[in-house]
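Note that the structure is predicted; figures quoted are calculated from it, not measured.
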Amino acid sequence: MSVNRWRRAYVAGARDALASKGPGGAVCKLTDAQLAVLEAELEAGPAAYGWDDPVLDPEPDREVVNMRFWVSYTLGGMCYQLHRLGWSWQYRPS
């Protein structure tokens, strides 16, 4: 099926029709500037948001994003954003 679709695209628009349209997937809900602010917010630690102990769970991070930017992420999406920042829900750089 893909080969037939590519052949039709080639016939209709020549070689330019076969050029990559970029990566698929959803667009990040936060801008690069917002991600920088998020990193600073998370570096403040859980006590800055009323959590007594460092919780190894992405849920508090989701709450920070929701409170600060009015953006909602799934747990998987929040783990992905933490990974983009070089963090994980298990590891916080010190």
Decide whether Trp6 and Val11 are clustered together by the hydrophobic rule: side chain heavy atoms of Ile, Leu, Val, Met, Phe, Trp, Tyr closer than 4.5 Å, transitively. no
Geometric cation-pi criterion, Lys29 with Phe69: 6.0 Å, 45°: no
Taking Gln34 for the side chain and Thr31 for the main chain, is one N or O donor matched with an acceptor at less than 3.5 Å? yes
Side chain to side chain contact (heavy atoms under 4.5 Å, CB included) between Tyr73 and Leu30: does it pass, once the steps are laid out? CA-CA 10 Å; Tyr73 278 109; Leu30 299 176; 3.8 Å; yes
So for atom CG, which belongs to Asp32, do other residues, nucleotides or ligands contribute more than 12 heavy atoms lying within a distance under 6.0 Å? no
State plainly whether one hydrophobic cluster holds both Leu85 and Met67, where clusters connect Ile, Leu, Val, Met, Phe, Trp and Tyr through side-chain heavy atoms under 4.5 angstrom apart. yes
Carefully, step by step, assess Trp87 and Glu43 under the rule side chain to side chain contact (heavy atoms under 4.5 Å, CB included). CA-CA 11 Å; Trp87 296 23; Glu43 284 175 353; 3.5 Å; yes
Output, in order, the C-alpha distance, side-chain angles, deciding distance and verdict of side chain to side chain contact (heavy atoms under 4.5 Å, CB included) for Thr74 and Met78. CA-CA 6 Å; Thr74 63; Met78 191 66 234; over 6 Å; no
For Arg68 and Leu38: C-alpha separation, side-chain torsions, deciding distance, then whether side chain to side chain contact (heavy atoms under 4.5 Å, CB included) applies. CA-CA 8 Å; Arg68 184 70 168 85; Leu38 173 61; over 6 Å; no
Would you say Val65 ends up clustered with Tyr80 if hydrophobic residues are merged whenever their side chains have heavy atoms under 4.5 Å apart, either directly or through other cluster members? no
